[in-house]
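Each remark here refers to the structure printed beneath this line.
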Amino acid sequence: MQKEMSGNQIRQQFIDFFVNKGHTAVRSASLVPAGDKTLLFTNAGMVQFKDIFLGTDKRSYTRACDSQKCMRVAGKHNDLDDVGRDDSHHTFFEMLGNWSFGDYYKEEAISWAWELLTEVWKLDKDKLWTTCFQDDRGEIQPDSEAYEIWKKQPGINPEHVLFFGRKENFWEMADTGPCGPCSEIHIDLGPERCNKKNVPGHICRVNGDCSRYMELWNLVFIQYNRLNAETLVPLSQQFVDTGMGFERIVSVLQKTDSNYKTDLFSKMMSTIRQIAGTNLEQMHQNFTPYRVIADHARAASFLIADGVVPGNIGRNYVCRMIIRRAVRFGQQIGIKKPFMDKVAESVIESYKDAYPELAQMRSSILNAISWEENRFNKTLDNGIAQLNEIITLMKENRQTIVDGETCFDLYSTHGLPLEITFDIVREYGFDVDRNGFQKAAETHRIVSGGGKAMGQMGGEDADIYAMYLDHLKDQGLLTSDGVRYNPYDHHPIPSKLILLIHDKENVSEINEGDEAEVITDSTNFYLEMGGQVSDTGTIQGIGSDFLFEVTSIRRPCAGLIIHQGRVLKGNAKTGSEVMVAVDGNRRHDIMRNHTATHLLHAALHQVIGNQARQAGSLVAPDRLRFDFNSNQALTSEQIAEIEDIVNQKILDAIPVTTQIENLDDAIQEGVTALFNEKYGNEVRVVRIGLDQDDVISAELCGGTHVSNTSEIGLFMILSESSVATGIRRIEAVSGTVANVLSRKKISELREMSAILNVPMDGVLDRVDELQDQNHKAQKEITDLRNEIALKDFSEKMNQVQKIQDINFLGIHIPDVNPDTLRMMADKFRDENENAVAIFSTISDEKVVLIATVKESVIKRGIKAGDIVSSASSVVGGKGGGRPTMAQGGGKEIDKIPEALKAAEAYVKGKIN
RNA sequence: GGGCCUGUAGCGCAGUUGGGAGCGCGCUUCAAUCGCACUGAAGAGGUCGGGGGUUCGAAUCCCCCCAGGUCCA
């Protein structure tokens with residue numbers, strides 16, 4: 001009996017097997033799909049090769065194999081809530097795949113798959129079943145080719161080769177685009193694995209819905225291009241795209257009845273048991289929480305390693321959600337303290353050899369998970385406080401069921417999950433309305449989500465341009481590599497017009513005023529990539545007055561680079577000799593900003609640590625923008641420190657060099673690679689440093705850079721702000737823009753110093769001093785005014801009228817603010833028996849009225865609010881307040897005496 | 001991308017149909033003590049996140065923006 005293989009060995013055997021068959025082993029792409037806004041996460045092995053199928057990109061190899069990190073947690077196939085309930089679902093998983101790009105086809109794909117499973121891995125041939133495509137609608141040809149190939153595999157049971165229809169065996173990427181039939185390999189795990197034994201009439205079979213037969217491997221044969229719902233046309237190139245669920249095959253080979261019982265998960269599981277204080281038997285009796293925690297800890301670790309930190313938006317939110325969900329399941333098995341970082345540690349241990357980024361990002365992973373766990377606890381505390389208020393109210397109202405909307409509000413607004421709400425109210429003998437909750441959740445989903453459909457796949461017009469490209473190659477105008485592209489030297493280069501497009505038509509001539517697309521046989525215009533914007537410039541005729549303004553650049557398909565713009569002068573025909581001229585000043589500004597961005601990145605690491613990973617970047621001629629992972633705002637000291645570091649590196653005049661290296665070597669060496677970029681096996685490394693031992697920054701980067709940091713001139717940070725939870729943004733300028741800006745700021749300072757009549761470095765102190773003086777003066781003015789007004793007021797107190805036993809005073813007091821007026825009213829009320837008063841003044845060219853009434857008088861039906869109302873209606877306004885004190889006003893200043901009389905009349909009327 | 005909640009003194013918070021901006025802790029000074037802690041008295045400190053609008057009057061109502069939280073895509 002052969003010793004059982006570890007998961008890591010199985011993965012390696014797969015790769016080795018296909019490398020021996022001439023395949024290039026490719027690294028797993030990031031979980032964040034590069035340049036693909038239609039996808040939240042990489043969810044299949046083909047994602048990193050999509051552009052090859054679409055014809056917009058090409059690679060140096062035609063056979064590849066890999067183990068691809070995948071996440072299936074959002075979108076149409078969101079089975080997050082099912083993860084943990086069974087033994088085969090995962091949020092994160094690995095997909096093993098082998099690929100042919102216009103190389104081998106069905107014959108090899110099928111026989112190699114059979115060979116690996118039955119010869120290398122020695123699976124029982126009688127237990128294997130395979131399926132081929134036969135159209136249930138009878139429109140597409142059946143894949144009898146695959147059928148015949150399967151039947152001749154050594155040792156196969158011919159009765160185990162079956163046909164199925166479109167649902168199972170026809171693969172399509174989207175509504176249009178590359179597609180084709182597929183063949184699946186299923187394994188019979190034995191009758192005891194059926195989970196439908198109790199269902200009457202159930203028969204176990206392939207593609208039945210019980211768990212006895214399991215799909216192992218899907219071999220997709222891409223041979224058609226779907227133009228619309230009815231039309232398929234054959235592709236000129238054929239592709240093989242296969243995918244085998246790694247956890248499944250490990251489970252089969254290790255003869256376990258659960259993916260979660262393989263050695264891939266054993267370290268995590270024992271860690272969880274250790275924390276929960278349970279044994280193996282207890283775990284298997286209540287397996288769900290353990291599966292959830294292990295799955296989610298694994299997913300979160302891989303996500304964070306790819307730069308997806310927990311947050312409140314998009315991918316980041318998914319990361320948060322799975323961490324929080326795992327924590328809740330932890331609570332279910334009695335774990336009270338934060339624990340997820342310990343599970344994550346086991347994940348790193350189990351996977352670091354196959355995925356070194358886990359070890360590299362170890363501290364970031366553990367920190368981010370702990371941080372999120374703590375934040376979740378804070379959120380829960382908050383939500384529970386809200387809930388307690390609700391419980392108090394319910395007790396008063398003698399309610400015992402928390403209605404669905406309230407439960408959902410606690411969840412959606414305060415982050416308190418329904419189950420926790422239930423746990424808490426249960427202690428009071430209350431219940432929750434689960435149906436109401438679901439209904440509210442559904443409403444919320446519709447209100448907040450619905451509108452946005454997935455974007456287009458891209459490459460819609462790739463076919464047309466691919467056709468042009470083929471044509472140009474046939475004519476010998478282009479080599480097989482397409483347009484010669486070298487953006488790293490930006491001096492004008494001679495070239496030839498080989499294709500002109502005007503109004504979407506191929507034309508032989510373009511004329512003054514035409515908007516057109518111009519293709520030359522070579523170009524050095526930079527094509528937007530890695531955050532650096534495209535170049536602009538001109539294309540000029542040699543020996544003619546032709547002048548074309550290039551406003552943007554694009555690459556509709558691999559090998560074809562298009563200058564878009566307008567003919568400013570003259571005309572040109574295809575075949576003309578031209579000079580392709582990048583706007584050099586603009587390019588130089590961009591280069592300065594790009595190198596400055598690398599220096600900024602390095603300085604950030606120095607100041608706040610390596611967790612400040614790049615999360616996005618824009619390099620334009622007039623500014624640069626840099627987003628990075630961080631949980632808190634930078635202090636002004638940190639910003640200054642970063643600026644100083646960058647500017648010091650500029651003063652140090654450090655050389656910037658670029659070098660083409662092997663991707664694995666570069667990663668090994670610790671070169672910074674960005675999670676959302678796509679890299680081939682050959683990568684360009686940009687280094688800033690005096691020599692090999694003194695490298696300040698080394699990044700994988702296709703952008704253009706200055707050759708020495710001193711060219712940057714000056715670097716200034718303009719702002720630091722928040723983009724989303726856990727992500728901050730720095731905006732900065734360098735070079736000419738920084739010069740202009742600093743000159744402007746200094747001249748402003750100079751003007752200020754002239755106005756304040758102090759030296760420039762004394763401006764700050766002077767402003768401080770002035771502000772202080774102003775504050776004091778304002779206060780003194782207020783005090784003096786009050787003093788004067790009160791003195792004045794005392795004199796006017798003798799104007800008090802006796803209305804029966806009431807002391808009434810209705811006077812106008814000029815030059816006081818409403819606050820002082822109120823103070824006087826208080827004073828009058830306090831110092832007089834049965835006091836009733838109304839005062840007026842003018843503030844902001846409007847009438848202000850204040851009335852006051854002593855408690856003893858209120859009982860007799862006289863309220864301050866009513867007095868003010870009667871007076872303010874005279875001056876064209878309104879008023880109100882409390883019985884003892886009320887305010888009002890109006891706009892008609894000249895009617896003030898009349899208003900005061902009206903108030904007096906009101907009081908008299910009430911008394912008599 | 002969208003829904004909801006929050007933003008008031010250094011910190012934690014109250015502010016109930018729109019009408020005097022407050023509480024606790026902390027801070028300053030004084031008293032008491034050999035000194036500290038405790039205690040007592042007095043006091044400083046606020047663009048009520050920012051900007052518009054409605055109103056005689058906005059922390060309070062409406063709109064926009066910013067920041068934080070939370071949920072859905």
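By convention in this document, chain letters (A, B, ...) are assigned in the order of the sequence lines, proteins followed by strands, and residues within each chain are numbered from 1.
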Ion pair present between E419(A) and R434(A), side-chain N to carboxylate O less than 4.0 angstrom? yes

So, is R324(A) near the phosphate of C71(B), with a side-chain N or O under 4.0 Å from OP1 or OP2? yes

Just to be sure I understand the rule, does R728(A) reach a base, reach only the sugar-phosphate, or reach nothing, if contact means heavy atoms closer than 4.0 Å? sugar-phosphate

For G45(B) and G26(B), measure between their C1' atoms and round to the nearest Å. 12 Å

By nearest atom, which of the nucleotides C56(B), C71(B), G69(B) is closest to the Y411(A) side chain? C71(B)

So which nucleotide from C56(B), G69(B), C72(B) ends up closest to the side chain of R445(A)? C72(B)

Classify the nucleic acid contact of N382(A) as base, sugar-phosphate or nothing, counting any heavy atom under 4.0 Å across all strands shown. nothing

When you measure from the side-chain N and O atoms of Q386(A) to the phosphate of C5(B), is any distance below 4.0 Å, counting only OP1 and OP2? no

Salt bridge present between R324(A) and E372(A) (N-O < 4.0 angstrom): yes

What interatomic distance, in whole Å, is found between P of A58(B) and the corresponding atom of G19(B)? 11 Å

Let me know the distance between CG of L418(A) and P of C71(B), rounded to the nearest Å. 14 Å

Any N or O donor-acceptor pair under 3.5 Å from the base of C72(B) to the side chain of H444(A)? no

Any strand, both distances under 3.5 Å, Watson-Crick or G-U wobble: U70(B) pairs with G3(B)

Paired with G24(B): which nucleotide, if any, by Watson-Crick or G-U wobble criteria at under 3.5 Å for both distances? C11(B)

Check whether any side-chain heavy atom of K854(A) sits under 4.5 Å from a side-chain heavy atom of V836(A), and report yes or no. no

Return the value, rounded to whole Å, for the distance between atom CZ of R320(A) and atom P of C72(B). 11 Å

Euclidean distance for P, C71(B) against A9(B) (whole angstrom): 27 Å

C27(B) and G10(B): how far apart are their P atoms, nearest whole angstrom? 15 Å

How close or far is atom P of U6(B) from atom NE2 of H414(A), stated in whole angstroms? 7 Å

Is any side-chain nitrogen or oxygen of K846(A) closer than 4.0 Å to OP1 or OP2 of G57(B)? yes

In whole angstroms, how far is the P atom of C4(B) from the CG atom of L410(A)? 17 Å

Please report the distance separating the C1' of U55(B) from the corresponding atom of C61(B), rounded so that it comes out in whole Å. 10 Å

Contact under 4.0 Å: T379(A) side-chain N or O vs U70(B) OP1/OP2: yes

Check whether any side-chain nitrogen or oxygen of Y317(A) sits under 4.0 Å from OP1 or OP2 of C71(B), and answer yes or no. yes

Between R829(A) and G20(B), does any side-chain N or O lie under 4.0 Å from OP1 or OP2? no

State, yes or no, whether a side-chain contact exists between I335(A) and F329(A) at a heavy-atom distance under 4.5 Å. no

Are I813(A) and M824(A) side-chain neighbours, meaning at least one heavy-atom pair lies under 4.5 Å? yes

Take the protein atom NZ of K878(A) and the nucleotide atom C1' of U55(B), then report the distance between them rounded to whole Å. 7 Å

Which whole-number value in Å describes the distance from E389(A) CD to U16(B) C1'? 14 Å

Categorize G879(A) for me: base, sugar-phosphate, or nothing, with a 4.0 angstrom heavy-atom threshold over every strand shown. base

Mind checking the C1' distance from G7(B) to C48(B)? Whole angstroms is fine. 10 Å

Given the side-chain rings of H444(A) and F408(A), with only the six-membered ring counted for Trp, is the space between their centroids under 6.0 Å? yes

For nucleotides U8(B) and U47(B), find the distance between their P atoms and express it as a whole number of Å. 12 Å

At what distance, to the nearest 0.5 angstrom, does OG of S30(A) lie from CZ of F41(A)? 9.5 Å

With nearest nucleotides of RNA chain B determined for G888(A) and F376(A) from heavy-atom distances, which residue corresponds to the more 5′ nucleotide? G888(A)

Which one is paired to U60(B), where only Watson-Crick or G-U wobble pairs with both distances under 3.5 angstrom count? none

Looking for any heavy atom pair under 4.0 Å, which part of the strands does G889(A) touch: base, sugar-phosphate only, or nothing? base

By nearest nucleotide on RNA chain B, pick out whichever of R822(A) and G876(A) is the more 5' one. R822(A)

Nearest whole angstrom, please: distance from the C1' of U70(B) to the CD1 of I323(A). 16 Å

Between P of G57(B) and CZ of F839(A), the distance in whole Å: 22 Å

Mind checking the C1' distance from G12(B) to G18(B)? Whole angstroms is fine. 27 Å

Applying the Watson-Crick and G-U wobble criteria at under 3.5 Å, what pairs with C30(B)? Answer none if nothing qualifies. G40(B)

Any heavy-atom pair between the side chains of M823(A) and K827(A) that's under 4.5 Å? no

